[in-house]
Amino acid sequence: MNGGTLILLAAMFALLWVLLIRPQKRKQAEQQQLLAGIEPGDEVLTMGGIYGIVHEIDEEDDLVVEIAEGIRVRVARRAVAGVVKPDDEADETDEDGGEDAAEAPEGPIHEDGVVVSEEIVKSEVPEGAEALDRR
C-alpha cells in the first residue's frame, strides 16, 4: 500500500464516522437521558403504541403505567418510545380552537351524529342476467 491509498482509506473511515456512527451515538445518548428522566405523572408512549401515565417505578426499575382508568400494566423502561408533552393536544386544533376546516363535516348534523346531505347520486344499474354476470 502506498501513502495515497492509506490516506484515502482514512478519509473514507472519517466520513463514515461523521455521517453514520456519531449521529447514532448522539441519538442513543438522548434516548438514554429521556428514559432516565421519566418520573411518576409523565405521559409516555410505548414502543407498542400504547399511551399511558406513569404511576410508579417498581423495585426492578420497571414502570407501572395506567393505560385506562383502573388498568395498570408493568412496562420495561427500555420499552418506552417517548414522553408525550402536554403541548401536543394544542397542535391538533387550529388557532380559534376548533377543528380544521378540511376535516369538518359538510351539511347539517342530525341528532344521532349523522351528516345529512341534500345530494343524492343515482347510478344506472342494469337489470337481468347480464348484470349479474358482470358483478
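Being a predicted model, the structure only gives us computed values, none of them experimental.
- One finds a salt bridge joining Arg74 and Glu60 here, because a Lys/Arg side-chain nitrogen approaches an Asp/Glu carboxylate oxygen to under 4.0 Å.
- Between Val44 and Tyr51, every side-chain heavy-atom pair lies at or beyond the 4.5 Å cut-off.
- Among all heavy-atom pairs drawn from Ala76 and Asp62, the shortest one is CA-OD1, 3.6 Å.
- Minimum heavy-atom separation, Thr5 to Asn2: OG1-OD1, 2.8 Å.
- Between Val73 and Ile67 the shortest heavy-atom distance is CG2-CG2, 4.0 Å.
- For the pair Gln24 (side chain) and Gln28 (backbone), a donor-acceptor distance under 3.5 Å is absent.
- The only member of Asp42, Leu63, Val54 that meets side chain to side chain contact (heavy atoms under 4.5 Å, CB included) when paired with Val80 is Leu63.
- Of all non-hydrogen atoms in Ile57 and Arg77, the two that sit nearest each other are CD1-NH2, 3.4 Å.
- Val64 and Ile38 fall into different hydrophobic clusters, defined by Ile, Leu, Val, Met, Phe, Trp and Tyr side-chain heavy atoms under 4.5 Å apart, directly or through other members.
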Going through the distances and angles, do Val65 and Ile53 end up as a side chain to side chain contact (heavy atoms under 4.5 Å, CB included)?
-> CA-CA 5 Å; Val65 178; Ile53 298 174; 5.8 Å; no
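- Taking the side chain as every heavy atom from C-beta outward, Lys25 and Trp17 approach each other to under 4.5 Å.
- Note: Gln31 CD to Arg26 CZ = 15.0 Å, rounded to the nearest 0.5 Å.
- Pro40 approaches His55 most closely through the heavy-atom pair CB-O, 3.6 Å.
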